[in-house]
Amino acid sequence: MEWNPETLQTLSQCFLQTLSPSPEPRRRAEAFLADAADKPNYGLVVLRLVAEPSVDDQIRHAAAVNFKNHLRARWAPAPPNPRSSSSSSSSSSVVAAAPTLPAIIDSEKEQIKGLIVGLMLFCGSKIQSQLSEALVVIGKHDFPKAWPALLPELVSSLSNAKDYASINGILGTANSIFKKFRFQFKTNDLLLDLKYCLDGFAAPLLEVFLRTAAQIDSIGGSISTPVGNLKPLIEAQRLCCRIFYSLNFQELPEYFEDHMKEWMTEFLKYLGGVYPALEQSGGDGLTVVDELRSAVCENISLYMEKNEEEFQGYLKDFVPVVCTLLVGASASSSRERLVITAIKFLTTVSTSVHHTLFASNEVLQQFCQNIVIPNVRLRDEDEELFEMNYVEFIRRDIEGSDLDTRRRIACELLKGIATHYRDQVTNMVGLQINNMLASFAMNPAANWKDKDCAIYLVVSLATKKAGGSSVSTDLVDVESFFGSVIVPELKSQGVNSFPMLKAGSLKFFTMFRTQISKQVAIQLLPDVVRFIAAESNVVHSYAASCIEKLLLVKEEGGRPRYTSSDIAPFLEMLMNNLFNAFKFPESEENPYVMKCIMRVLGVAEISAAVATPCVNGLTFILNEVCKNPKNPIFNHYLFEAVACLVRRACERDISLLRIFEESLFPVIQIILTNDVTEFWPYAFQLLAQLVELSRPPINPAYMQVFQLLLVPDSWKRSANTPALVRLLQAYLKKVPHELNREGRLSQVLGIFNTLVSSPSTEDLGFYVLNTVVENLGHDVISPYVGHIWSALFTRLQTHRTVKFAKSLVIYMSLFLVKHGSAALADSINAVQPNLFVTILEQFWIPNLKLIAGAVEFKLTSVASIRLLCESPVLLDPSASVLWGKMLDSTVTLVSRPEEDRVEEEPEMPDIGENVSYTATFVHLHNAGRKDEDPVKEIKNVKEFLVRSLAKLASLSPGKYPSIINQSLEQANQEALLQLCGMYSCAIV
């Protein structure tokens with residue numbers, strides 16, 4: 001594309017039409033620009049249009065936005081997705097990849113880089129902002145190695161700039177480019193880039209910072225200073241501070257250490273200074289100054305955290321200034337960012353060796369009374385969030401994501417100070433709590449926020465005990481505080497009155513649930529159930545969460561504190577309130593309520609009277625969410641609740657299965673036929689659960705799904721694969737005879753072959769294979785055994801992993817215990833003569849000690865013992881060395897704890913198989929398959945080992961002790977001798 005008057009006219013008209021409110025001309029213009037973007041020099045031409053002063057500003061701005069987006073897409077286009085051309089046999093979903101856009105040619109890139117800085121400085125602020133972002137796009141890929149001219153050009157422009165609009169444009173660009181030093185890992189390449197930037201920019205940055213500071217000093221203190229003169233100066237200093245942060249983030253540069261005094265002098269000035277012309281001007285004047293102060297606080301926090309030794313000389317000046325600043329800022333709700341960054345700085349100091357700066361009672365009192373309490377008290381913004389956005393309120397309040405809110409950060413400061421001054425802090429905060437509760441008692445309606453503040457302080461300052469969910473506090477006696485402060489709120493008949501106070505009380509109950517006695521809690525549970533009917537989304541969410549968490553409490557020894565008999569008296573009201581809560585606006589998909597339903601179903605006695613309304617309520621919700629799945633957490637708890645209901649109800653009364661089939665089959669059919677792909681893994685897991693519970697004759701509807709299971713297309717989505725394997729296992733176990741019909745076993749083994757050929761699904765392939773061997777007779781599978789071994793050994797040769805080798809040992813063990821050691825050896829040797837000995841030497845014996853899992857441990861132990869005592873291959877006189885190695889590995893497995901023998905290194909994931917987008921498989925805990933013991937007739941593996949060896953040795957006295965002495969490690973000899981003594985068996 002060439003730059004000429006015709007091109008200028010055409011592109012100007014197109015960019016104007018992209019702003020048209022009429023869709024047709026807008027679409028035509030966008031289509032033309034999309035085609036033109038493929039032509040060489042398109043970006044250069046658009047950049048020249050942006051710089052053309054004769055063109056209308058709105059057209060130039062539209063062109064600048066287009067130029068920025070053009071660079072984002074084509075400066076360094078992403079490589080094509082390697083999965084986009086995958087064959088249809090892949091187990092992952094095949095997603096069509098967008099075509100790769102042609103990259104901007106090198107000659108055009110060089111011209112753009114030569115023009116963009118100069119053009120940016122002479123444009124208006126809106127266009128300058130777009131060009132600055134475009135420059136950052138280039139810098140992300142090219143700076144500094146492929147764009148060495150950028151930094152000198154920025155420095156030169158900074159020195160020659162005549163106004164602060166240009167200076168701030170350059171500083172803003174530099175700030176964006178240097179941000180990478182904050183977020184990237186420290187590497188040699190990153191440090192080389194940082195050194196290059198420091199060498200070129202550290203001195204000019206300090207120069208402009210001090211020059212601007214001098215101008216602020218000359219005009220900043222007067223109320224009569226024009227806002228337009230002072231504002232860009234303050235903004236320039238903020239940008240200098242952000243660049244300071246980036247250049248100092250990795251480590252303290254020598255230049256900044258040498259000039260620390262100049263920087264810190266000005267930093268202190270901005271925290272303690274007043275700029276009435278801006279701060280009292282209304283509008284955003286105060287915000288502009290506070291943003292500079294926040295940036296300064298972040299810088300001194302950084303130095304406190306990373307350069308404490310070099311910075312400590314300035315602390316005694318900064319701490320009182322920050323405290324004074326906070327006292328004033330804490331009273332204002334609009335100064336959030338400043339308050340948070342300032343408190344973070346003080347928190348860092350409070351936990352350091354310089355905590356003595358806070359040692360006096362006067363300072364501690366000031367912190368507690370003038371900084372912490374004002375920031376913990378509820379503000380209008382908190383009440384608005386509580387009412388208007390309950391999800392965000394809860395996310396901040398109980399899910400631990402409110403670290404950057406005033407309430408939480410103020411409590412973190414108290415915790416920091418209490419690290420060294422616990423008694424003083426406890427006494428002062430305790431006094432404040434008592435004063436606020438007294439204030440509430442005088443006028444509850446007017447002073448309810450005092451009580452809320454008191455409760456919040458107790459909850460937030462509680463200490464979580466390591467390794468558990470219980471918490472403790474030194475501020476109050478929990479039982480006394482609960483009885484006098486919390487219980488009256490929970491007993492209040494008005495579930496909708498003072499909702500924030502009710503929410504805080506429910507949160508306290510939840511937090512200290514392990515310390516509230518069962519007798520007290522049981523009496524209050526019906527009251528908590530009442531609050532599930534509260535109109536406030538937060539209140540009924542907290543009530544549901546409280547019950548859910550209470551049902552998880554364990555006594556010492558792991559026994560549940562609350563059982564089905566404890567909730568039976570109010571179970572009907574509880575379930576009614578929970579399902580009715582979904583009718584409240586904004587709570588149609590409330591995850592806290594659904595999680596509570598799931599937990600209650602896991603504890604309660606599920607009779608037909610409970611099961612029927614529950615399955616009706618859950619299937620109604622399932623039908624609704626199938627129309628538009630949008631809340632994955634809610635949906636997961638929904639399916640868990642369904643699976644839990646089916647499991648618990650059928651444990652008590654298997655006749656209820658028919659009710660579940662009638663209710664769930666139509667929903668599952670909707671999921672599968674309407675291609676609700678998000679729910680396919682859940683649907684298959686529910687089907688597997690239903691199949692396993694079913695009794696002969698099996699419902700014909702199940703066999704229709706079985707046919708779907710054997711279609712290769714069903715396995716293309718990787719997220720479905722674990723659930724499909726789970727379902728296939730259920731069918732193989734329930735109706736193994738069906739595999740003998742219509743070539744189905746061949747189809748199942750084809751699925752196994754596909755799964756086992758990929759490292760990401762090999763374990764699933766073994767699940768299928770193990771289930772086939774476990775449930776089918778040798779006469780049925782014998783025609784296929786040779787093909788199975790060939791597939792496994794081919795995979796072993798081409799991509800051997802520890803995980804695969806262990807799975808192979810487990811499969812061979814299962815084959816042995818089902819069909820005998822002779823069948824195992826003969827079938828492997830049929831693939832290649834004497835292959836069985838090679839497999840034993842190279843794979844079975846070395847990997848046996850790595851087996852983990854109770855069922856797998858027992859299975860492989862028994863199989864190995866049977867090999868030692870039954871296999872003609874190992875009992876051959878010429879195989880005594882191999883027999884000794886096998887016994888040594890078996891004794892290691894049997895005698896040593898799993899953590900002492902399993903030393904696995906994590907294997908590198910196969911990245912290529914996971915790059916395309918696909919939904920994620922999520923396991924349903926309540927629909928899980930129970931591992932069955934294939935050798936349940938063996939009760940004690942250790943006893944089985946020594947008794948089997950003693951019996952074998954008695955047939956050839958004197959033979960085996962010498963082999964044992966020669967072959968076993970000393971530790972294993974001692975372990976075997978100890979086992980023989982334990983079970984009174986002798987190996988003679």
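The chain is numbered in sequence order, starting from 1.
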Do E52 and R60 meet the salt-bridge criterion of a basic N to acidic O distance under 4.0 Å? no
Rounded to the nearest 0.5 Å, what separates atom CD in Q13 from atom OG1 in T18? 10.5 Å
N188 atom CG, neighbour heavy-atom count above 12 within 6.0 Å: no
L278 CG to L292 CG distance, which is reported to the nearest 0.5 Å: 10.5 Å
Verify the neighbour count for atom NZ of K140: are there more than 12 heavy atoms of other residues, nucleotides or ligands below 6.0 Å? no
Is it the case that atom CD in E384 sees more than 12 heavy atoms from other parts of the structure closer than 6.0 Å? no
Contact check, side chains of R242 and F178, non-hydrogen atoms, under 4.5 Å: no
Going by atom types only, do H259 and E262 share a side-chain donor-acceptor pair under 3.5 Å? yes
N-O pairing of D142 and K113 below 4.0 Å: yes
Check E412 with K344, please: is the shortest side-chain N to carboxylate O separation under 4.0 Å? no
Exactly one of L338, D284, T341 should register a side chain to side chain contact (heavy atoms under 4.5 Å, CB included) with D290. Which one does? L338
Look up atom CD in E108 and atom CE in M1, then write down how far apart they are to the nearest 0.5 Å. 10.0 Å
Inspect the contact between K126 and D57 and indicate whether a charged nitrogen and a carboxylate oxygen are less than 4.0 angstrom apart. no
Indicate yes or no: does E392 engage R395 in a salt bridge with an N to O separation below 4.0 Å. yes
Taking atom types as modelled, is there a side-chain donor on R26 or S20 under 3.5 Å from an acceptor on the other? no
Do E586 and V391 make a side-chain contact, defined as non-hydrogen atoms from C-beta onward lying under 4.5 Å apart? no
Within the structure provided, determine whether W263 and L205 are in side-chain contact (heavy-atom separation under 4.5 Å). yes
If we only count heavy atoms from C-beta on, is the N4 to L8 side-chain gap below 4.5 Å? no
Distance-only side-chain donor-acceptor flag, Q250 / K186, under 3.5 Å: no
I633, CD1: over 12 other non-hydrogen atoms inside 6.0 angstrom: no
With a 4.5 Å limit on heavy-atom distance, are the side chains of S294 and E291 in contact? no
For residues 24-43, the ring pair (Phe, Tyr, Trp, His ring centres under 6.0 Å) pairs (sequence neighbours left out) are Y42-H70
Is the closest side-chain donor-acceptor distance between T173 and S132 under 3.5 Å? yes
Determine whether Q215 and Y164 make a side-chain contact, defined as any pair of heavy atoms from C-beta on separated by less than 4.5 Å. yes
Ion pair check, D193 and K145, cut-off under 4.0 Å: yes
CG (N375) and CD1 (I343) are apart, to the nearest 0.5 Å, by 4.5 Å
Taking the side chain as every heavy atom from C-beta outward, state whether F256 and L206 have any atom pair closer than 4.5 Å. no
d(Q130 CD, L135 CG) to nearest 0.5 Å is 13.0 Å
Is any side-chain N of the basic residue among D382 and R408 closer than 4.0 Å to the acidic one's carboxylate O? no
Name the one of F318, Y245, F244 that satisfies ring-ring contact (aromatic ring centres under 6.0 Å, His included) with Y303? F244
Option passing side chain to side chain contact (heavy atoms under 4.5 Å, CB included) with S281 (candidates V227, T225, L286): V227
If we only count heavy atoms from C-beta on, is the I216 to Q237 side-chain gap below 4.5 Å? yes
Hey, what do you get for CG (L49) to OG1 (T7), rounding to the nearest 0.5 Å? 10.0 Å
Stepwise, does the side chain to side chain contact (heavy atoms under 4.5 Å, CB included) test hold for N299 with N248? CA-CA 9 Å; N299 288 344; N248 282 270; over 6 Å; no
On the ring face of F249, is K306 found with NZ or CZ under 6.0 Å from the centre and within 45° of the axis? yes
Pair R396 + E381: basic N to acidic O under 4.0 Å: no
